[in-house]
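Both ligands and their constituent atoms are indexed starting at 1 by order of listing.
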Amino acid sequence: MAGHDFAQPMTARKSGPLKGVAEIPGDKSISHRALILGALAVGETRVTGLLEGEDVLGTAAAMRAFGAEVTRHGPGAWSVHGVGVGGFGEPADVIDCGNSGTSVRLIMGAMATTAMTATFTGDASLRKRPMGRVTDPLSLFGAQAYGRAGGRLPMTVIGAADPVPARYTVPVPSAQVKSAVLLAGLNAPGETVVIEREPTRDHSERMLRGFGATLSAEKTAEGHVITLQGRPELRPQEVAVPRDPSSAAFPVCAALIVEGSEILVPGVSQNSTRNGLYTTLVEMGALIDFENAREEGGEPVADLRVRFSPEMKGIEVPPERAASMIDEYPVLSVVAANATGTTVMRGVKELRVKESDRIDAMARGLEACGVTIEEDEDTLIVHGMGPGAVPGGAVCASHLDHRIAMSFLVLGLAAKKPVSVDDGAPIATSFPVFEGLMAGLGASIARDNQ
Ligand code: S3P
């Protein structure tokens, strides 16, 4: 799990019209949560549509290490025999979370209020990422954490033997931090309160309620206040995981910039904590029809009909929208490069602590492809060149970051010269069927040296 043995260079070339139906796999955030809450329920949770990407498989392995029985029955069909809140057993070995920040942060939360010791590590990308944002609030429950300088992995967490509930205001917009606190609160007596100034993805809250926890959420002058009653008995559920809007972003953005394209992407989440990219694209002039709005797996979804959009204009993306599209800025910057005029993305400094420093990774790669960029600590500005006008012809570094790799491959589909990435192997962490799906639409993306 701790990284791929070999880099896999890949190249995307200018493609003819993308056509067809893009069947996107299950949502990564919801898949992690289904496995973790299934492991904390008493009895058997059944999951369909689980994302079988490396990140989620890492969470499945970790839940086994803490004592849950996790079984695969067929594609996307899994069951979890849970051990109940407070029922985790001490893992016999180090928990390797690979590339996945969601795995390590949520699982640290889930074990922090049980008397046991667990050591976590990950790949070279995850070992650079800050864990103090999670271990600080976990210390309020009585847990202790010992890691490398700067709160980096490997890190050992000693769960609180006698946990107390916590009240915590999350200092950065982060659903992972919010979720870690809520999961820790499950095994603390009394009320745990998390306050977020800006709402972030609410899958943990929705799913905790679904599993039978008592949880309230209200908007106050302090922000968004979420209150969880500790020590519930979680009831096993049937979870139908909806498709991942963050993965859908790649074929959607590809169709917008490749001349003559028209694709259908069924069942894309319209959850307002996740759909900021789609709002932004429509504001830019993207031709997207939202058809057949309905509910699937407890999430509002629609089928997206997406057409080549040569009239897209650069816009100023409102900073308050950042949390609802935080994983989509890399591919938005690719669309922005193919739009006319300037796109300004402010309030995005969280991008610097993702799987890579995504502002720097996109800025350097876009520049290498001939696009003019401006950046500061909290801002990325892309000067659009118009439809199909990006020169391309560069090898871009993906920095062990799946979304950076996929973004540059999308760029190559509409650039004048091919665009390569030095390593496409990390794509398997979140979107293992990316290559086949894109090829099915007519995209020219190939592995090099094969
Ligand atoms: C996630 C939250 C976000 C997001 C990540 C998944 C989650 O991270 O970037 O891909 O499932 O809670 P932050 O909480 O760091 O913003």
Which of the atoms in ligand 1, numbered in the order shown and given with their element, are less than 4.0 Å from a heavy-atom of [X]?
{"X": "Ala175", "value": "12 (O), 14 (O)"}
{"X": "Ile326", "value": "9 (O)"}
{"X": "Ser174", "value": "13 (P), 14 (O), 15 (O), 16 (O)"}

Contact partition for [X] relative to ligand 1, non-hydrogen atoms under 4.0 Å:
{"X": "Lys354", "answer": "side chain"}
{"X": "Lys178", "answer": "neither"}
{"X": "Arg201", "answer": "side chain"}

salt_bridge([X], [Y]) N-O dist < 4.0 Å:
{"X": "Arg352", "Y": "Asp357", "value": "yes"}
{"X": "Arg46", "Y": "Glu44", "value": "yes"}
{"X": "Glu191", "Y": "Arg231", "value": "no"}

Identified side-chain contact (heavy atoms from CB on, under 4.5 Å) partner of Cys97 from the options Thr121, Val104, Asp123, Leu153: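 Only one of Thr121, Val104, Asp123, Leu153 forms a side-chain contact (heavy atoms from CB on, under 4.5 Å) with Cys97, namely Val104.
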Closest approach of any protein heavy atom to atom 11 (O) of ligand 1, naming residue and atom: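 It is Ser29 OG, 2.7 Å.
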Atom 4 (C) of ligand 1: the protein heavy-atom neighbour that sits closest, reported with distance to 0.1 Å: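 Protein heavy atom with the smallest distance to atom 4 (C) of ligand 1: Asp327 OD2, 3.3 Å.
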